[in-house]
Amino acid sequence: QVQLVESGGGLVQPGGSLTLSCAASGIRFNIFTMGWYRQAPGKQRELVAVVTSGGTTTYADSVKGRFTISRDNAKNTVTLQMNNLKPEDTAVYYCRGLYNPLVYWGQGTQVTVSS
């Protein structure tokens with residue numbers, strides 16, 4: 001049974017930081033491209049950051065310089081460090097694992113940036 005379980009969301013003030021974690025089970029984690037996506041109310045789900053099995057990272061322009069994605073293959077986890085958060089970062093954040101044609105999603109964790 002495949003599970004991707006996100007944690008670490010919450011309410012934070014603008015300029016603050018949060019760390020999201022995704023724990024994966026039931027997959028060969030080290031061969032999967034892992035990513036974080038987000039969906040704000042009334043908007044489509046969008047890519048935030050991905051890290052390939054080889055460690056190559058890609059970021060959305062809106063988060064470059066503020067967010068950092070990393071993976072720990074020994075612990076089957078992928079982490080998103082979010083700094084200098086802005087109100088427009090408010091969304092449900094989802095973890096995704098991809099190894100074509102296999103795609104798995106977590107249940108999502110809410111991040112709210114508000115004063």
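What you are looking at is a predicted structure, and each value in this text was computed from that prediction instead of being measured. Hydrogens, waters and symmetry mates play no part in the numbers below; they use all other heavy atoms, side chains included.
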Original post:
Shortest non-hydrogen contact from Trp36 to Val78?
Top reply: CZ2-O, 3.7 Å
Subject >> Aromatic ring pairing Trp105/Tyr37, orientation class (parallel under 30°, perpendicular over 60°, tilted between) >> reply: perpendicular
Original post:
Is there a side-chain contact between Gln3 and Ile27 (heavy atoms, below 4.5 Å)?
Top reply: no
Original post:
Of Leu80, Val92, Leu20, which meets side-chain contact (heavy atoms from CB on, under 4.5 Å) against Val111?
Top reply: Leu20
Original post:
Under 4.5 Å between any side-chain heavy atoms of Gln81 and Ser70, yes or no?
Top reply: no
Original post:
Is any side-chain heavy atom of Tyr93 closer than 4.5 Å to a side-chain heavy atom of Gln39?
Top reply: no
**OP:** Answer yes or no: are there more than 12 heavy-atom neighbours, outside Gln44 itself, under 6.0 Å from its atom CD?
**Re:** no
Original post:
Is there a side-chain contact between Val103 and Arg96, using heavy atoms and a 4.5 Å cut-off?
Top reply: yes
**OP:** With sequence neighbours excluded, tell me which residues meet side chain to side chain contact (heavy atoms under 4.5 Å, CB included) with Arg28.
**Re:** Asn30, Ile31
Subject >> Spacing of OH belonging to Tyr94 relative to CG belonging to Leu4, to within rounding of 0.5 Å >> reply: 13.0 Å
Original post:
Between Lys64 and Asp61, does at least one N-O distance fall below 4.0 Å, as a salt bridge requires?
Top reply: yes
**OP:** With side-chain contact (heavy atoms from CB on, under 4.5 Å) as the test, would you mind laying out the steps for Arg66 and Met82 before giving the verdict?
**Re:** CA-CA 6 Å; Arg66 300 188 298 123; Met82 305 186 294; over 6 Å; no
**OP:** Kindly determine whether Thr79 and Thr19 satisfy side-chain contact (heavy atoms from CB on, under 4.5 Å), including the steps that lead there.
**Re:** CA-CA 7 Å; Thr79 299; Thr19 301; 3.3 Å; yes
Original post:
How far does CG of Leu98 sit from OG1 of Thr33, to the nearest 0.5 angstrom?
Top reply: 5.5 Å
Original post:
Minimum heavy-atom separation for Arg71 to Phe32, with atom names?
Top reply: NH1-O, 2.8 Å
Original post:
At what distance, to the nearest 0.5 angstrom, does OG of Ser114 lie from CG of Leu85?
Top reply: 12.0 Å
Subject >> Pairs where residues 46-60 contributes a residue and the test side chain to side chain donor-acceptor pair (under 3.5 Å) is met, not counting sequence neighbours >> reply: Arg38-Glu46
What side-chain donor-acceptor pairs closer than 3.5 Å can you find for residues 7-18, not counting sequence neighbours?
from, atom 1, to, atom 2, distance (Å)
Ser17, OG, Asn83, OD1, 2.9

Subject >> Heavy-atom side-chain contact between Phe29 and Met34 under 4.5 Å >> reply: yes
Subject >> Side-chain (Thr90) to main-chain (Val113) donor-acceptor, under 3.5 angstrom >> reply: yes
Original post:
Which atoms form the tightest heavy-atom contact between Gly35 and Ile69, and what is the distance?
Top reply: CA-CD1, 4.3 Å
